[in-house]
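When a residue number appears, it is its place in the shown sequence, counting from 1.
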Amino acid sequence: AEWGAADTFLPVTSPGHSFAFTDAGASVYVLTSVGGDYVRLVKVPTVAGKEWTNLSDAVADADVVDVAFDDSTGALVAVATDRARRRWVPLNAEAEKNSAVIRAAFNGSDDYTVASASSGRAILRLISDVAPPSYHLFDVGAGIVTRTVDELPALVGVQLCPMQAVTPAARDGSPLPSYLTLPPLPPTWNATGTGGRLPLLIAVRAAPWLRDFWGFHPTTQTLANRGYAVLQVNFRGSSGFGRKWVAAGAGEWGKGMTTDLVDAAAWAVAQGIADPARVSIFGFSYGGYAALDAVSTQAASVTGCAASLGGAARLESARLLNPPGYVPSPAPRPGSREAREDKDAARAVSPLTHVDSVRVPVFQAVGAQDDAALVSAAREFNAALKGRGIRTEFVEYPDDGATLRTDDDRVDFASRLNQFLASCAGGRAAQPVEVEGLRVTVVDGPADAPERRRVKMSSRPTPYSTA
């Protein structure tokens, strides 16, 4: 095969993915979906006219997301896929033996990444849903795996909430690879008997073209601790599940990408897990847009409330980048330069267009240093809701931008989100905090704010800068 303009070599969303030359520079290892649906590992000759070699034929149901090499020799050791959870596929007998030793040490789990491997030793990063990541040293010759470092040692031994992989169906029958985390429940709990149904939060990630993974998620754990069932959905357009699923998201902002979210929530209701009267949605960046869109266009399905950090309420003017895709999109992604040229199409999937359909409380937070058009549209969305008598909360962080970078702003936002959700989504509230010296503009706040516990942050990172 020859290199051509149509040959697309894809970004991989897992840490530790590698591209490397081999055969003294005569070939290069590449992750690609050219000629198929799923991303696979191939060896591509650097000389035109020679055939590619597929190195991951054993993988057929998900993209290859990680590759392990022996750093001292450059030898390829294994590839990993991750449909619901990570699965390593050894590529030689020695790797098969080592994989068995590692699985035994990790109680049968393949949920780890290889941070480094050379000279008969490997550093492994173990991933868990009920513990922060930890690092382990694998002595290959001795066949011994030793735990060395925990990323968040303060949480070691703390009871956290398990995350389970689930697969609801979209209204068109497409499977929706998703993750469900339930709050701490007594052993006797069941939704139709002891304990009753749970308030549900649909948690939407910031980057729509990436994906959600099984593992430790601080925000998910915090919300589950407050009593919510948390549902994370790999809606159409998500990577990791083949190029067809990514392509299915083209032109589907405000359409199929949003209905996938509420369809997954409907599944949780049908399963007897979620209370249909307490279904809420929140997210950051794209997730914030999805929350505003769902509460505007799928009002019958979002019965609790919606919360957004940096979500775009008006797509035709928001400065959003057109993210890289697996294949050329048959329609422009809303927010891209191409889509902004089609004002009518972008306006049709903008939450402001449908703001009159919102029925439930909405919380919005923005960094005032974010795109000026996005901040202006958020203010307009808030004003429109107030004009209709819909309960709103709106807060601006003057020194921050699209993502809250300072500990002060993050702590304040988390506290306000916690209080808001407890007031309308059905969960439990912790005592709110007041960060000493914080610069924040509360445009609309809670009517009866509880007493706030004053805290002083030990460090203040550099304020947001667009430089």
Would you check if there is a donor-acceptor pair between the side chains of [Y] and [X] at a distance under 3.5 Å?
| X | Y | answer |
| --- | --- | --- |
| Arg103 | Ser99 | yes |
| Ser238 | Arg205 | yes |
| Ser109 | Asp111 | yes |
| Ser296 | Asp293 | no |
| Asp129 | Tyr179 | no |
| Ser350 | Glu316 | yes |

task = Let me see the working for Phe216 and Leu160 under side-chain contact (heavy atoms from CB on, under 4.5 Å), right down to the final yes or no.
result = CA-CA 9 Å; Phe216 174 72; Leu160 299 178; 3.7 Å; yes

Are the side chain of [X] and the backbone of [Y] linked by a donor-acceptor contact shorter than 3.5 Å?
| X | Y | result |
| --- | --- | --- |
| Thr32 | Val34 | yes |
| Asn92 | Glu94 | yes |
| Gln232 | Asp212 | no |
| Ser308 | Gly311 | yes |
| Thr259 | Gly256 | yes |
| Trp214 | Met163 | yes |
| Trp88 | Tyr112 | yes |

Nearest heavy-atom neighbours spanning [X] and [Y]:
| X | Y | answer |
| --- | --- | --- |
| Pro199 | Gly427 | CG-N, 4.5 Å |
| Arg83 | Phe241 | O-CE2, 3.3 Å |
| Asp263 | Ala169 | CB-O, 4.0 Å |
| Ser134 | Arg147 | CB-NH2, 3.8 Å |
| Pro45 | Ser27 | CA-OG, 4.0 Å |
| Ala264 | Val233 | CB-CG2, 3.6 Å |

Within a strict 4.5 Å, meaning less than it, do heavy atoms of the [X] and [Y] side chains meet?
| X | Y | result |
| --- | --- | --- |
| Tyr228 | Pro183 | no |
| Leu421 | Cys305 | yes |
| Thr222 | Thr219 | no |
| Thr406 | Asp399 | no |
| Thr113 | Arg86 | yes |
| Phe284 | Leu404 | no |
| Phe363 | Phe413 | yes |
| Val65 | Thr81 | no |

inquiry  = For Phe69 and Tyr29: C-alpha separation, side-chain torsions, deciding distance, then whether ring-ring contact (aromatic ring centres under 6.0 Å, His included) applies.
reply    = CA-CA 11 Å; Phe69 293 92; Tyr29 293 124; 5.3 Å; yes

key: Verdict with supporting geometry, Asp63 and Arg40, salt bridge (charged side-chain N to carboxylate O under 4.0 Å, His left out)   = CA-CA 6 Å; Asp63 290 350; Arg40 65 198 187 282; over 6 Å; no

task = Output, in order, the C-alpha distance, side-chain angles, deciding distance and verdict of side chain to side chain donor-acceptor pair (under 3.5 Å) for Tyr135 and Arg125.
result = CA-CA 5 Å; Tyr135 289 85; Arg125 183 175 184 265; 3.3 Å; yes

request  = Report the C-alpha separation of Arg243 and Asp37 in whole Å, then their side-chain angles, then the decisive distance to 0.1 Å, and conclude whether the salt bridge (charged side-chain N to carboxylate O under 4.0 Å, His left out) test is met.
outcome  = CA-CA 5 Å; Arg243 62 192 290 168; Asp37 185 18; 5.7 Å; no

message = Does Leu180 form a side-chain contact (heavy atoms from CB on, under 4.5 Å) with Leu182? I'd like the steps, not just the answer.
response = CA-CA 7 Å; Leu180 177 67; Leu182 299 181; 4.0 Å; yes

Value rounded to 0.5 Å, distance of [atom1] in [X] from [atom2] in [Y]:
| X | Y | atom1 | atom2 | value |
| --- | --- | --- | --- | --- |
| Leu417 | Leu309 | CG | CG | 9.0 Å |
| Leu210 | Asn234 | CG | CG | 10.0 Å |
| Leu231 | Thr220 | CG | OG1 | 10.0 Å |
| Asp275 | Thr303 | CG | OG1 | 7.0 Å |
| Asp400 | Arg410 | CG | CZ | 8.0 Å |
| Gln298 | His354 | CD | NE2 | 10.0 Å |

ask   = Relative to each other, are the rings of Trp253 and Tyr289 parallel, tilted or perpendicular (30° and 60° limits)?
value = tilted

key: Salt bridge present between Asp110 and Arg87 (N-O < 4.0 angstrom)   = no

inquiry  = Please determine whether ring-ring contact (aromatic ring centres under 6.0 Å, His included) holds for the pair Trp209 and Tyr286, giving the CA-CA distance in whole Å, both sets of side-chain angles, and the decisive distance to 0.1 Å.
reply    = CA-CA 10 Å; Trp209 62 92; Tyr286 170 80; 8.6 Å; no

inquiry  = Apply salt bridge (charged side-chain N to carboxylate O under 4.0 Å, His left out) to residues Asp412 and Arg416 and explain how you reach the verdict.
reply    = CA-CA 6 Å; Asp412 183 80; Arg416 294 180 188 279; 2.7 Å; yes

query = Going through the distances and angles, do Lys255 and Glu252 end up as a salt bridge (charged side-chain N to carboxylate O under 4.0 Å, His left out)?
reply = CA-CA 5 Å; Lys255 300 174 185 176; Glu252 291 298 314; 5.6 Å; no

message = Among Val67, Thr53, Asn54, Val89, which residue satisfies the side chain to side chain contact (heavy atoms under 4.5 Å, CB included) criterion with Leu41?
response = Val67

Aromatic Phe213 / basic Arg211 pairing, under 6.0 angstrom, 45° off normal = yes

inquiry  = Could you walk me through whether Leu91 and Val79 satisfy the side-chain contact (heavy atoms from CB on, under 4.5 Å) test, starting with their C-alpha distance in whole Å, then the side-chain angles of each, then the deciding distance to 0.1 Å, before giving a yes or no?
reply    = CA-CA 8 Å; Leu91 298 179; Val79 297; 4.1 Å; yes

message = Could you walk me through whether Val166 and Trp267 satisfy the side-chain contact (heavy atoms from CB on, under 4.5 Å) test, starting with their C-alpha distance in whole Å, then the side-chain angles of each, then the deciding distance to 0.1 Å, before giving a yes or no?
response = CA-CA 10 Å; Val166 296; Trp267 168 88; 3.7 Å; yes

query = For Arg171, does the CZ atom have more than 12 heavy-atom neighbours from other residues, nucleotides or ligands under 6.0 Å away?
reply = yes

